[in-house]
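As the structure is a prediction and not an experimental result, all values here were calculated from the model. Convention: sequence-line order gives letters A, B, ...; per-chain numbering from 1.
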Protein chains: 2
Amino acid sequence: MRRKRDAQAEAETRKDAPLRSDAQRNRERILEVALAELTRSADAPLSAIAKKAGVGQGTFYRNFPNREALVLEVYRYEVQQVADTAAQLLATRAPDRALREWMDRLAQYAMAKAGLADAMRRATCSRGSLAGLGHAPLTSAITLLLAANEEAGTVRPGVTPDDFLLAIAGLWQIDPHSDWQARAARLLDLVMDGLRAGARQR
Amino acid sequence: MRRKRDAQAEAETRKDAPLRSDAQRNRERILEVALAELTRSADAPLSAIAKKAGVGQGTFYRNFPNREALVLEVYRYEVQQVADTAAQLLATRAPDRALREWMDRLAQYAMAKAGLADAMRRATCSRGSLAGLGHAPLTSAITLLLAANEEAGTVRPGVTPDDFLLAIAGLWQIDPHSDWQARAARLLDLVMDGLRAGARQR
DNA sequence: TTGCTAAGCGGACAGGTGTCCGCTAGGTTC
DNA sequence: GAACCTAGCGGACACCTGTCCGCTTAGCAA
């Protein structure tokens, strides 16, 4: 086996392990069930998801150490899409309008997918900063938008994705019921103004 | 008894019930123990606190329906003090400097008292908006600061305490370990700039 | 005092999260 | 195919939160 491993690919020795076939199947079944259950009720018991997926608690928690890991993974595809929107928006609009519209979409998405905001919040804060796991796409989208705006002189220089995520943290606190639209708009307006302050262009 | 109640005070019929003596004692013992335990470890089990206080689960949860209710109450005195600072700062500084310094103190306090930021976060977000329970003092402090600044023309008109709390929500996400100072400062600078934008004075 | 009454007590219990560990079976080698 | 060996399984378990409900007792009236 040692020889086989060596031959195959040194790179995969540590991460992205090849995963045994049954493990792969289990993981996918869990995600499948989780999408259904979480859509139905954002705080569906993890144990119920495990049971419906036909796996033990141990298996479940080995794949997803906690709730937000699961949620982030379940919605990964969708999050990826939101992130991708950044580039499209930048191509068709002025940088500052693109940034603002992207934030609106992010808000809309976070409100739509119950439980996602929660996961985002936890992931954003808990460990250090944005060291989050499924954050990479979001972070790069933000970097893209900020860079474009900085260059256009519509956002003060030196704003990091971390700054940005902290600034919009209020989003994850808004209750998806009630009139989140108004509250989110006011928050995002304020953040935009904050970002603009100190920019070359005024 | 009915007659006695009527005679005593109609106002207290609903809220601020007079509380039976043993109830009073229990509540105080719980708070006492909670302060000690929470200082030691922010996520001390509530059940342990109840036990150390010598009360049953039921008694405990009747007094404090959940963790943040307890934390908010434990730190109420301290929170009150922070809130009070607002007036003092306004008396000795320009409104905008007072606002900024107050935010700094709030941040410092939130970072110092482990577990408080958590409670603030939950209280801020979960139910509706700032409908929070122990928020009243903070809210009025914020109102005070915003009004002074609006009048001085150093903050755009029409900002509500709710807006403000959402804007600084990032604070509660910062990890009290690591270098919170830098991250908080950057966030608060950004928020201040956002608040300033659109003000009369520039 | 004595008796009454409901406010308050407190422990058992239901339900959820996350961990641990002995066993199973997938993949590989011969 | 047989044998091995370990990645992965899965359920029992430990611990926590929050609820429920029969019992206790503080406070009042006579």
Side-chain angles (χ1 to χ4, degrees), chain A residues 1-9 12-31 33-34 37-38 41-71 115 118-119 122 126-127, chain B residues 1-9 12-31 33-34 37-38 41-71 115 118-119 122 126-127:
Chain A
M1 191 194 194
R2 196 90 274 289
R3 212 159 306 125
K4 179 69 178 306
R5 295 284 296 255
D6 290 349
Q8 233 174 16
E12 85 183 21
T13 317
R14 269 285 158 263
K15 21 178 64 183
D16 74 87
L19 223 50
R20 231 166 62 177
S21 67
D22 55 342
Q24 180 71 28
R25 262 198 311 278
N26 276 334
R27 185 183 175 82
E28 272 163 16
R29 250 202 341 279
I30 292 174
L31 279 174
V33 172
E37 292 296 295
L38 289 179
S41 159
D43 50 0
L46 300 186
S47 49
I49 295 179
K51 178 165 286 183
K52 279 209 179 184
V55 304
Q57 297 277 78
T59 303
F60 180 89
Y61 280 99
R62 202 169 328 100
N63 278 282
F64 309 100
N66 48 49
R67 186 174 218 92
E68 67 257 29
L70 176 66
V71 174
D118 241 61
R122 292 222 204 164
S126 53
R127 286 301 94 218
Chain B
M1 190 193 196
R2 193 92 278 286
R3 211 160 306 126
K4 177 69 178 305
R5 292 284 296 253
D6 290 349
Q8 235 175 17
E12 85 184 22
T13 317
R14 269 285 158 266
K15 18 181 62 183
D16 74 85
L19 223 50
R20 229 166 63 178
S21 67
D22 56 341
Q24 180 70 29
R25 265 199 310 278
N26 276 333
R27 185 183 173 82
E28 272 163 16
R29 252 205 335 282
I30 292 173
L31 279 173
V33 172
E37 291 296 296
L38 288 178
S41 159
D43 49 0
L46 300 188
S47 51
I49 294 178
K51 178 164 287 184
K52 279 208 178 184
V55 304
Q57 298 277 78
T59 303
F60 180 90
Y61 280 99
R62 201 169 328 100
N63 278 281
F64 310 99
N66 48 48
R67 187 176 219 91
E68 68 257 28
L70 176 66
V71 174
D118 241 62
R122 292 222 204 163
S126 54
R127 284 303 92 216

Closest heavy-atom pair and its distance - B/Gly56, B/Ala50: O-CB, 4.4 Å

Nearest to the B/Asn66 side chain among D/dG18, D/dT17, C/dG26, which nucleotide is it? D/dG18

Quick one: do B/Ile49 and B/Leu70 satisfy side-chain contact (heavy atoms from CB on, under 4.5 Å)? Show the steps, please. CA-CA 11 Å; B/Ile49 294 178; B/Leu70 176 66; 4.1 Å; yes

Rounded to whole Å, how long is the line connecting atom CZ of A/Arg25 with atom C1' of D/dC9? 12 Å

Which residues pass the side-chain hydrogen bond (donor to acceptor under 3.5 Å, both in side chains) test with B/Arg29, not counting sequence neighbours? B/Asn26

Listed by chain and number, what are the side-chain contact (heavy atoms from CB on, under 4.5 Å) partners of A/Lys51, not counting sequence neighbours? none

Select one nucleotide: of D/dG8, C/dC9, C/dG18, the one nearest the side-chain heavy atoms of A/Leu46. C/dG18

Would you compute the distance between atom CG of A/Leu38 and atom CZ of A/Arg67 and round it to the nearest 0.5 angstrom? 6.5 Å

Atom CG of B/Asp22 and atom P of C/dA7: how far apart are they, to the nearest Å? 13 Å

Within the pair A/Ser21 and C/dG27, is there a side-chain N or O less than 4.0 Å away from OP1 or OP2? yes

Counting just side-chain N and O atoms, does A/Arg20 come under 4.0 Å of either OP1 or OP2 of C/dA25? no

By nearest nucleotide on DNA chain D, pick out whichever of A/Gln24 and B/Pro45 is the more 5' one. A/Gln24

Check: protein-nucleotides 10-12 of chain D nitrogen or oxygen pairs below 3.5 Å:
from   : atom 1 : to      : atom 2 : distance (Å)
D/dG10 : N7     : A/Thr59 : N      : 3.1
D/dG10 : N7     : A/Thr59 : OG1    : 3.4
D/dG11 : N7     : A/Gln57 : N      : 3.3
D/dG11 : O6     : A/Gly58 : N      : 2.8

Are A/Leu46 and A/Gln57 side-chain neighbours, meaning at least one heavy-atom pair lies under 4.5 Å? no

Rounded to whole angstrom units, what separation is found between the CG atom of B/Asn63 and the P atom of D/dG18? 14 Å

Give a yes/no answer on whether the side chain of A/Tyr61 brings an N or O atom under 4.0 Å of OP1 or OP2 in C/dT19. no

